Amino acid sequence: IDKKWWPSINFVGYMDNATAGSEQLLRSLTSTESGMNAWDQYGTSGWGRDGDNAFMARQENSYHSRNAKDKFRKQYGPCTEAYVENHLAIE
């Protein structure tokens, strides 16, 4: 993000709850022309594989679901984590 934009940023969202954070952010943005907030105008539908989901809504049996979390846990165990923490830490 360019330095000039930092004074305008007043929202922090978290990836562990991206759905709620996205809705909160979009509800806070209101059009001066239509008076509608961005959630009602763009976020409530039109997303997902079939276009009938809300923005960032979790989809069961998602097209991208490949059980990545379990695969990651098998590859990145306690030994790998210790190595990363010891050798790749940012000083």
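Given the structure is predicted, the values throughout are model-derived calculations rather than measurements.
The heavy-atom pair separating F55 from W47 by the smallest distance is N-CD1, 3.4 Å.
Hydrophobic cluster membership for Y14: V12 (Ile, Leu, Val, Met, Phe, Trp, Tyr linked by side-chain heavy atoms under 4.5 Å, directly or transitively).
T19 places a side-chain N or O within donor-acceptor distance of the main-chain N or O of M56, the cut-off being under 3.5 Å.
F72 and Y76 have parallel rings, their planes meeting at less than 30° on a 0 to 90° scale where 60° marks the start of perpendicular.
Between atom CD of residue Q41 and atom OG of residue S31 there is a gap of 6.0 Å, rounded to the nearest 0.5 Å.
Applying the side-chain contact (heavy atoms from CB on, under 4.5 Å) rule to N37 yields the partners R27, T30, W39, D40; only residues at least two apart in sequence or on another chain are considered.
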